There are 2 protein chains.
Amino acid sequence: MALKKIVERQTGVALWRQIADRIRLSISNGDYDQTGMVPPETALAQEFGVNRHTVRSALAALADEGLVRAVQGRGTIIERKDRVSYPISRRTRFSQGLGRQVKEIGTRLLGHAEVPASGEVAAALGVSPGALLIELRTVSSGDGRPLSTAVSYFPADRFPGIAEEYARLGSVTKAFAVHGLDDYVRVSTEIVARHADADELSLLKLSPGAIVMEAQSVNADLDGKPVEYSRTRFAADRMKLRIET
Amino acid sequence: MALKKIVERQTGVALWRQIADRIRLSISNGDYDQTGMVPPETALAQEFGVNRHTVRSALAALADEGLVRAVQGRGTIIERKDRVSYPISRRTRFSQGLGRQVKEIGTRLLGHAEVPASGEVAAALGVSPGALLIELRTVSSGDGRPLSTAVSYFPADRFPGIAEEYARLGSVTKAFAVHGLDDYVRVSTEIVARHADADELSLLKLSPGAIVMEAQSVNADLDGKPVEYSRTRFAADRMKLRIET
DNA sequence: CCTAATTTGTCCGTATGTATG
DNA sequence: ACATACATACGGACAAATTAG
């Protein structure tokens with residue numbers, strides 16, 4: 001088999017970071033499950049065609065994330081596997097989906113505000129631009145590790161005080177129920193991937209340079225009337241999105 | 001308003017690359033649609049809190065991609081906006097989805113081979129590990145720009161010679177029809193995002209350091225028997241995935 | 001217990017890339 | 001274009017801890 005170049009130089013992305021990303025992916029793919037260890041630094045250096053020092057920088061970054069732990073004389077031990085699978089379906093509910101993958105789900109309300117609808121959001125929600133919306137900003141974690149951060153918009157006339165109910169109940173589904181909305185469905189989802197900005201790095205406690213997947217989605221009641229527009233950013237190296245069609 | 005830090009230093013990702021990514025995103029978001037130009041270098045330098053040289057490096061990279069064109073004395077002109085929307089549904093068909101977004105869709109067969117099923121692929125296709133599969137490697141483009149590259153696996157006993165039929169017909173759907181399979185559905189899709197490797201950079205003609213979204217999917221016949229497993233990598237800055245549930 | 005092999009940790013120096021002014 | 005500072009990457013050498021025999 002031909003030698004396969006894995007990492008590229010002079011790209012504006014440091015080799016150690018590219019290598020860290022590849023190793024993180026291998027860990028979450030279970031490539032090292034047999035031993036529970038990352039291959040030796042010299043083997044990785046050969047595999048990626050770089051100096052051992054460069055591999056060490058990559059491993060140091062992963063150790064910093066708490067993903068691995070190096071022990072002199074023994075090797076580099078995998079502390080934790082990654083990527084929680086997040087299901088997206090017609091009946092997507094945040095908490096339910098993560099189910100047995102994480103023991104404890106935490107959702108924190110960062111803040112809320114009443115804002116006029118911008119053009120894009122107005123179009124998605126089917127309201128006129130400038131109509132009053134309630135904006136909710138949240139961060140969700142699994143077992144203490146941040147997984148996603150979201151901004152959600154709800155029509156203020158239909159769901160007055162939804163921020164307070166969300167804060168009290170910790171769930172959009174339950175807050176909807178207070179307003180007599182017992183069921184709703186996901187009508188559209190769009191996904192893009194990009195580098196995280198400084199805000200997202202801090203909220204999601206990401207190692208800098210990390211990637212986020214951004215899902216823009218609309219939920220509607222059973223009559224098809226939109227009730228929620230949200231922009232959720234998932235930490236790409238902690239999550240995969242499972243589409244259920 | 002507090003000063004918002006947009007780019008971060010000492011992250012293993014060069015500032016010029018982070019800035020290039022942000023500008024690319026702004027372009028595809030339509031932030032500069034009023035003028036059709038990128039803001040002046042000095043304005044960008046101030047916005048991102050960096051030296052003008054660094055902004056110039058970022059713009060040079062975007063010019064290299066053909067996204068913008070700098071004209072002395074006038075400014076930097078936006079040549080092209082980005083992100084084709086790719087629909088994923090129970091009846092996902094590659095060519096149909098891109099529809100009116102691109103005038104011309106090109107699919108190129110990179111190669112094919114008969115290979116034994118690895119554990120992961122075998123599980124997805126519901127065959128025993130080692131069973132013979134036909135592997136297809138393809139690249140798809142819209143209006144001459146590479147959008148995605150895929151590796152697909154088909155059970156060799158059920159679809160012998162499917163590679164040749166695909167090469168002749170240019171479509172998996174049509175190749176299936178030759179074997180009497182008139183309809184099939186997407187049963188599962190998983191999406192992760194990561195940095196592109198060297199292979200993907202070259203196949204998708206990406207600027208180095210770019211992000212890919214990888215979708216692992218299984219198609220099955222109407223009896224629920226898997227007929228195809230594929231791993232499609234989308235150029236993240238040229239595509240968004242639209243989930244239709 | 002001792003030795004050799006393996007593996008991570010630390011130090012040196014040098015060259016190139018990145019970012020500023 | 002020049003000068004400066006720091007980050008990245010390489011190469012080599014050796015120390016320290018652990019494992020294999």
Side-chain angles (χ1 to χ4, degrees), chain A residues 3 5-24 26-27 31-32 34-80 195 197-198 201 207-210, chain B residues 3 5-24 38-65 70 72 76 195 197-198 201 207-210:
Chain A
L3 181 67
K5 223 189 329 170
I6 306 286
V7 289
E8 292 253 326
R9 288 148 205 270
Q10 297 172 18
T11 65
V13 181
L15 288 180
W16 64 262
R17 171 142 298 287
Q18 298 181 52
I19 291 167
D21 290 342
R22 309 274 334 159
I23 295 174
R24 195 193 294 102
S26 288
I27 290 174
D31 294 353
Y32 309 137
Q34 292 196 332
T35 59
M37 310 262 294
V38 174
E41 293 169 355
T42 49
L44 290 170
Q46 185 163 24
E47 177 187 345
F48 293 116
V50 301
N51 194 276
R52 184 168 79 99
H53 294 308
T54 308
V55 170
R56 285 178 61 74
S57 298
L59 291 174
L62 296 178
D64 205 56
E65 296 174 32
L67 202 63
V68 301
R69 177 171 52 91
V71 179
Q72 199 173 90
R74 282 185 59 195
T76 303
I77 301 162
I78 296 170
E79 288 284 271
R80 162 163 67 63
H195 284 118
D197 64 28
L201 289 180
S207 56
Chain B
L3 180 66
K5 224 190 326 172
I6 306 287
V7 288
E8 297 249 333
R9 288 149 204 269
Q10 298 171 21
T11 65
V13 182
L15 290 181
W16 64 261
R17 170 140 300 284
Q18 297 182 52
I19 291 167
D21 290 341
R22 307 286 319 171
I23 295 174
R24 195 193 294 103
V38 174
E41 292 171 358
T42 49
L44 291 170
Q46 184 161 25
E47 177 186 349
F48 292 115
V50 301
N51 195 278
R52 187 169 78 97
H53 294 311
T54 310
V55 169
R56 285 179 60 76
S57 298
L59 291 175
L62 295 178
D64 204 56
E65 295 173 33
Q72 210 170 76
T76 303
H195 285 118
D197 64 27
L201 289 180
S207 59

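In what follows, chains are A, B, ... by sequence order, proteins preceding strands, each numbered from 1. This is a predicted model, so every value here is computed, not measured.
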**Study point:** Side chain of B:A14 - closest among D:dT8, C:dG9, C:dT18
**Key:** C:dT18
Review point. Where the side chain of A:R56 is concerned, which of D:dG11, D:dA9, C:dT8 is the nearest nucleotide?
Key: C:dT8
Point to revise | Side-chain-base donor-acceptor pair under 3.5 Å for A:R52 and C:dG9 | key: yes
Review point. What is the distance, rounded to the nearest whole Å, between atom CH2 of B:W16 and atom P of C:dA19?
Key: 8 Å
**Study point:** Point-to-point distance, once rounded to the nearest 0.5 Å, from OG1 of B:T42 to CG of B:N51
**Key:** 11.5 Å
Check your understanding: Under 3.5 Å, is there an N or O donor on one side and an acceptor on the other linking the side chain of A:H53 and the base of C:dG9?
Key -> no
Study note, to complete from the structure: When A:A70 and B:T54 are each assigned the nearest nucleotide of DNA chain C, the 5'-most assignment goes to A:A70
Point to revise | 4.5 Å side-chain heavy-atom contact, B:V50 and B:I19 | key: yes
Check your understanding: Where the side chain of B:V50 is concerned, which of C:dA19, C:dG9, C:dT20 is the nearest nucleotide?
Key -> C:dT20
**Study point:** Side chain to side chain, A:R56 and A:E41, heavy atoms closer than 4.5 Å
**Key:** yes
Point to revise | Nearest-neighbour nucleotide for the A:P40 side chain, C:dT7, D:dA9, C:dA19 considered | key: C:dT7
Practice item. May I ask you to test the A:R69-A:R80 pair for a side-chain heavy-atom distance under 4.5 Å? Key: no
Review point. Between A:T76 and C:dT8, is there a side-chain N or O to OP1/OP2 distance below 4.0 Å?
Key: yes
Check your understanding: Take atom CD in A:Q46; do more than 12 heavy atoms of anything else shown fall under 6.0 Å from it?
Key -> no
Point to revise | Rounded distance (Å) that lies between atom P of D:dC10 and atom CD of A:Q46 | key: 14 Å
Check your understanding: Atom CD of A:Q18 to atom P of D:dA7: distance rounded to whole Å?
Key -> 19 Å
Exercise for review: Tell which nucleotide pairs with C:dT7, taking only Watson-Crick or G-U wobble pairs whose two distances are both under 3.5 angstrom.
Suggested key: D:dA16
Practice item. Could you state the atom-to-atom distance from CG of A:L44 to C1' of C:dT8 in whole Å? Key: 13 Å
Review point. How does each nucleotide of nucleotides 16-21 of chain D score, in 5' to 3' order, for protein heavy atoms under 4.0 Å: base (B), sugar-phosphate only (S), or none (-)?
Key: BBBS--
Review point. Does A:I27 reach the side chain of A:V68, with side-chain heavy atoms less than 4.5 Å apart?
Key: yes
Review point. CG/A:L62 to CD1/A:I23 distance, rounded to the nearest 0.5 angstrom?
Key: 6.0 Å
**Study point:** Rounded distance in Å - CD (A:E41) to P (C:dT10)
**Key:** 11 Å
Exercise for review: Kindly say if B:N51 contacts the phosphate of C:dG21, meaning a side-chain N or O under 4.0 Å from OP1 or OP2.
Suggested key: yes
